[in-house]
Participant: 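Before I ask anything, here is the structure I am working with.
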Amino acid sequence: MTDGTLLYQGKAKSAYLTDDPDALVLAFRDDTSAFDGEIIEQLAHKGAINNQFNAYIMTLLQDAGIETHFIRRLSSTESLVKRLEMIPVECVVRNRAAGSLVKRLGIEPGLHFTEPLFELFLKNDALHDPMVTEHHVRAFGWATPAELDTMMKLSLRTNTILTQRFSEIGLDLIDFKLEFGRFQGRIVLGDEFSPDGCRLWDQATGEKMDKDRFRQKLGGVIEAYADVARRLGIVIES
Ligand code: TMP
Ligand code: ASP
């Protein structure tokens, strides 16, 4: 399947070429980074948990009609995906205030919004992923107006689907980040969806069940990820 050639090494995943030019193998590693790669630690089992978590979420979204790059899981830590031409913009949807929004606008953490908020960030660690507007995305040619419109609509539909699914297991989906790419002229969801790239708060206790446990040195990071996976009915293979 993989021809062993490393195409790209990200902070938490590596992408390898395969004998099919339209497909890649994504390998989820145990590396865990925060603050744009300033802190990196190995958390045992995270690669396996995130790969299997991502497979579950991508399948759920695919079944709801959102095209994703996910083809199938290959092993505990690897998945086969469509090779996309990535758009260098991160799409964030927020339902309640947390993280950079709280700092940027001085908003009370946990504030509920009257409607979900859609934000765009340039994917650039050296610049600390600065916020950009849809006008930047168009003016620099990162995506066309039609592509941007599709990315926004797919992000908001993802929010509806996942808010509902996490609510069924007693979790509030506070915010999350998606990345899209082009495949045969279509906009397709890429990258991953895991507790590394979203915020999930327990509805009963308010406990954080996502990467904020790592960023804020709260401990129990992998235990929290595994608990969310278990509640979703995912049986993690190691
Ligand atoms: P933020 O509050 O830091 O802007 O992040 C909003 C959400 O998007 C949060 O769930 C974390 C996620 N995110 C990433 O996973 N990677 C990133 O590079 C950024 C900017 C956000
Ligand atoms: N994903 C980014 C990083 O690892 C931002 C973050 O999660 O804090 O460095």
Side-chain angles (χ1 to χ4, degrees), residues 8-15 26 28-43 46-47 49-51 53-54 57-58 61 86-113 116-134 136-137 142 151-152 154-156 158-159 161-163 165-166 171-181 189-202 206-218 221-222 224-225 228:
Y8 172 79
Q9 171 121 338
K11 293 193 292 287
K13 297 188 292 302
S14 305
L26 270 193
F28 288 70
R29 308 194 312 272
D30 288 343
D31 294 323
T32 313
S33 85
F35 312 114
D36 306 313
E38 209 176 282
I39 302 177
I40 299 182
E41 277 177 33
Q42 300 269 313
L43 294 181
K46 197 197 65 146
I49 294 174
N50 278 6
N51 180 44
F53 196 105
N54 177 65
I57 298 288
M58 291 278 169
L61 295 175
M86 292 307 290
I87 293 169
V89 163
E90 304 189 337
C91 295
V92 168
V93 179
R94 301 177 189 274
N95 297 303
R96 295 177 66 182
S100 71
L101 181 82
V102 166
K103 285 194 199 136
R104 195 180 340 121
L105 300 180
I107 287 177
E108 181 72 15
L111 181 86
H112 290 82
F113 312 141
L117 187 55
F118 178 73
E119 293 181 336
L120 295 160
F121 296 86
L122 176 64
K123 191 174 166 71
N124 185 323
D125 278 340
L127 298 178
H128 298 291
D129 293 347
M131 192 180 180
V132 293
T133 70
E134 58 184 86
H136 294 86
V137 176
W142 295 325
M151 286 157 60
M152 185 181 72
L154 293 177
S155 297
L156 293 173
T158 297
N159 186 46
I161 295 160
L162 296 186
T163 295
R165 183 67 191 103
F166 285 118
L171 296 172
D172 255 1
L173 178 59
I174 304 301
D175 58 31
F176 61 89
K177 183 263 296 179
L178 300 178
E179 293 180 31
F180 294 90
L189 178 61
D191 191 50
E192 70 178 275
F193 191 104
S194 74
D196 270 2
C198 70
R199 290 191 171 93
L200 293 163
W201 294 356
D202 188 288
E207 209 180 339
K208 294 173 179 167
M209 305 295 284
D210 53 65
K211 200 162 91 174
D212 270 349
R213 300 200 71 83
F214 178 72
R215 295 188 189 99
Q216 298 172 10
K217 300 188 171 16
L218 300 175
V221 183
I222 288 308
Y225 285 28
V228 178

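Index from 1, following the sequence. We count ligands from 1, going down the list as the structure has it; atoms in each ligand are counted the same way.
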Participant: Any side-chain to backbone donor/acceptor pair from D202 onto L171? Under 3.5 Å, distance only.
Facilitator: no
Participant: At under 4.0 Å between heavy atoms, is it the side chain or the backbone of D175 that contacts ligand 1, or both, or neither?
Facilitator: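 For D175, the contact with ligand 1 is made by both the backbone and the side chain.
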Participant: For atom 8 (O) of ligand 2, what's the nearest protein heavy atom and its distance?
Facilitator: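 Nearest neighbour among protein heavy atoms for atom 8 (O) of ligand 2, to 0.1 Å: R215 NE, 2.9 Å.
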Participant: Provide the closest heavy-atom pair for P116 versus L156 in the form atom of the first, atom of the second, distance.
Facilitator: CB-CD2, 4.1 Å
Participant: Would you kindly say whether N159 and N95 are connected by a side-chain donor-acceptor distance under 3.5 Å?
Facilitator: yes
Participant: Evaluate the side-chain contact (heavy atoms from CB on, under 4.5 Å) criterion for residues K208 and R199: first the C-alpha distance (whole Å), next the side-chain angles of each, then the deciding distance (0.1 Å), finally the verdict.
Facilitator: CA-CA 7 Å; K208 294 173 179 167; R199 290 191 171 93; over 6 Å; no
Participant: Provide the number and element of each atom of ligand 1 under 4.0 Å from a heavy atom of G99.
Facilitator: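 It comes down to these atoms of ligand 1: 2 (O).
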Participant: Is I174 touching ligand 1 with its side chain, its backbone, both, or neither, if touching means heavy atoms under 4.0 Å apart?
Facilitator: neither
Participant: Would a distance-only check, ignoring hydrogens and angles, find a side-chain to backbone donor-acceptor pair under 3.5 Å from N50 to S194?
Facilitator: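 Checking the backbone N and O of S194 against the side chain of N50, no donor-acceptor pair under 3.5 Å is found.
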Participant: Considering heavy atoms of the protein only, find what lies nearest to atom 9 (O) of ligand 2 and give residue, atom and distance to 0.1 Å.
Facilitator: D36 N, 2.5 Å
Participant: Can you tell me the protein heavy atom closest to atom 18 (O) of ligand 1 and the distance?
Facilitator: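 Result for atom 18 (O) of ligand 1: D129 OD2, 2.8 Å.
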Participant: Quick one: look up the protein heavy atom nearest atom 15 (O) of ligand 1 and list residue, atom name and how far away it is.
Facilitator: G197 CA, 3.3 Å
Participant: How about Y225 and F53: are their ring centres within less than 6.0 Å of each other?
Facilitator: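 For Y225 and F53, the ring centres are not under 6.0 Å apart.
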Participant: Looking only at heavy atoms, is any part of R94 under 4.0 Å from ligand 1, and if so is it the side chain, the backbone, or both, or is it neither?
Facilitator: side chain
Participant: Does ligand 1 have any atom that is closer than 4.0 Å to a heavy atom of D210?
Facilitator: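 In this structure, D210 fails to qualify as a contact of ligand 1 - no heavy atom is under 4.0 Å.
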Participant: Starting from atom 4 (O) of ligand 2, which protein heavy atom do you reach first, and at what distance in Å?
Facilitator: S33 OG, 2.2 Å
Participant: L154 and F180: side-chain contact (heavy atoms from CB on, under 4.5 Å), yes or no, with the steps?
Facilitator: CA-CA 10 Å; L154 293 177; F180 294 90; 3.9 Å; yes
Participant: Any chance you could lay out the salt bridge (charged side-chain N to carboxylate O under 4.0 Å, His left out) test for D36 and K11, step after step, and finish with the verdict?
Facilitator: CA-CA 9 Å; D36 306 313; K11 293 193 292 287; 5.5 Å; no
Participant: Which of the atoms in ligand 2, numbered in the order shown and given with their element, are less than 4.0 Å from a heavy-atom of F35?
Facilitator: 6 (C), 8 (O), 9 (O)
Participant: Considering only the protein, which heavy-atom contact is closest to atom 17 (C) of ligand 1, and what is its distance?
Facilitator: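 Of the protein heavy atoms, E90 OE1, 3.2 Å lies nearest.
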Participant: Judged on heavy-atom distance to atom 6 (C) of ligand 1, which of K177, R199, R215 sits nearest?
Facilitator: R199
Participant: Give the residue and atom name of whichever protein heavy atom lies nearest to atom 4 (O) of ligand 1, and the separation in Å to one decimal.
Facilitator: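 Answer, as residue, atom name and distance: S100 OG, 2.5 Å.
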Participant: Counting each atom of ligand 1 from 1 as listed, which ones have a heavy atom of D196 under 4.0 Å away?
Facilitator: 15 (O)
Participant: What protein heavy atom lies closest to atom 1 (N) of ligand 2? Include the residue and the distance to one decimal.
Facilitator: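 Minimum-distance protein heavy atom for atom 1 (N) of ligand 2 reads K211 NZ, 3.7 Å.
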Participant: Between R213 and E207 (side chain of the first, backbone of the second, donor and acceptor by atom type, cut-off under 3.5 Å), is there such a pair?
Facilitator: no
Participant: Can you name the atoms of ligand 1, numbered from 1 with element, that are less than 4.0 Å from a heavy atom of C198?
Facilitator: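 Ligand 1 atoms under the 4.0 Å threshold to C198: 10 (O).
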